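Each remark here refers to the structure printed beneath this line.
Bear in mind that the values here come from a model prediction, so they are computed numbers and not experimental data.
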Amino acid sequence: RTSYVTFTMHIGTLIGVFLFPTLCERLGRRRAFGLFFILSAIVVMGVSFGTHTYQSLLYFAPLMALFTIGVSAGFALYFPELFPTRLRATGLGFCYNTGRIVTAPLPWLTGKVIGAFNGSVAAGMGLFAVIYLIGLIAVNKAPETKGQPLPEN
């Protein structure tokens, strides 16, 4: 049973990583990220706080993967557009790895939140929805790069 849910999540991921760059071209980078951050938070909260059967997981799991993992396709598109040639590799490395460092304590923190709420996995997963809302705030401060050439200097 678990393998079927995992398989459907992979389908959602695949759709998401192909859909997201298309949305970046149509809506712009900031709007596409904002849309996926909002939908990620909504789907994570729905999956976390809803009562689900195995059948409903077969529908919700790929939807969650579509938004939460699909958004990562935009990093390879957007990050190079933010940095001039001489700093591009450093800027990309900094962005990718800062995200990893900042989120490294989340599994531990999630466990603490679950414990503080008497074993409520939903409370722990709610923490992840907050991360997407923080991303939404950050993307509102980011520049729009759609249709612009890569910075040279």
Which distance, rounded to the nearest 0.5 Å, do you find between the [atom1] of [X] and the [atom2] of [Y]?
X: Ile114; Y: Leu109; atom1: CD1; atom2: CG; answer: 10.0 Å
X: Thr68; Y: Met9; atom1: OG1; atom2: CE; answer: 6.5 Å
X: Leu92; Y: Leu82; atom1: CG; atom2: CG; answer: 8.5 Å
X: Ile134; Y: Ile137; atom1: CD1; atom2: CD1; answer: 7.0 Å
X: Thr53; Y: Phe60; atom1: OG1; atom2: CZ; answer: 9.0 Å
X: Leu66; Y: Ile15; atom1: CG; atom2: CD1; answer: 6.0 Å

Do you reckon [X] sits in the same ILVMFWY cluster as [Y], going by side-chain contacts under 4.5 Å, direct or chained?
X: Phe18; Y: Leu27; value: no
X: Ile69; Y: Ile42; value: no
X: Val44; Y: Ile38; value: yes
X: Phe83; Y: Leu77; value: no
X: Leu106; Y: Met64; value: yes

Phe36 vs Leu19, side-chain contact (heavy atoms from CB on, under 4.5 Å): CA-CA, chis, key distance, verdict: CA-CA 11 Å; Phe36 266 52; Leu19 176 64; 4.2 Å; yes

[X] and [Y]: which non-hydrogen atoms are nearest, and at how many Å?
X: Arg31; Y: Glu144; result: N-OE1, 4.4 Å
X: Gly28; Y: Lys146; result: CA-CD, 3.6 Å
X: Ala32; Y: Phe20; result: O-CE1, 3.3 Å
X: Leu136; Y: Phe37; result: N-CD1, 3.5 Å
X: Ala61; Y: Thr8; result: CB-OG1, 4.3 Å
X: Pro62; Y: Leu57; result: CD-O, 3.9 Å

Heavy-atom donor-acceptor pair, [X] side chain to [Y] backbone, under 3.5 Å:
X: Arg88; Y: Pro151; answer: yes
X: Arg30; Y: Val139; answer: yes
X: Ser40; Y: Phe67; answer: yes
X: Glu152; Y: Thr85; answer: no

Tyr78 and Pro21, any side-chain heavy atoms less than 4.5 Å apart: no

side-chain contact (heavy atoms from CB on, under 4.5 Å) between Leu58 and Val5, worked out: CA-CA 5 Å; Leu58 289 173; Val5 174; 3.9 Å; yes

Pairing residues for Phe79 by the ring pair (Phe, Tyr, Trp, His ring centres under 6.0 Å) criterion, not counting sequence neighbours: Phe75, Tyr96

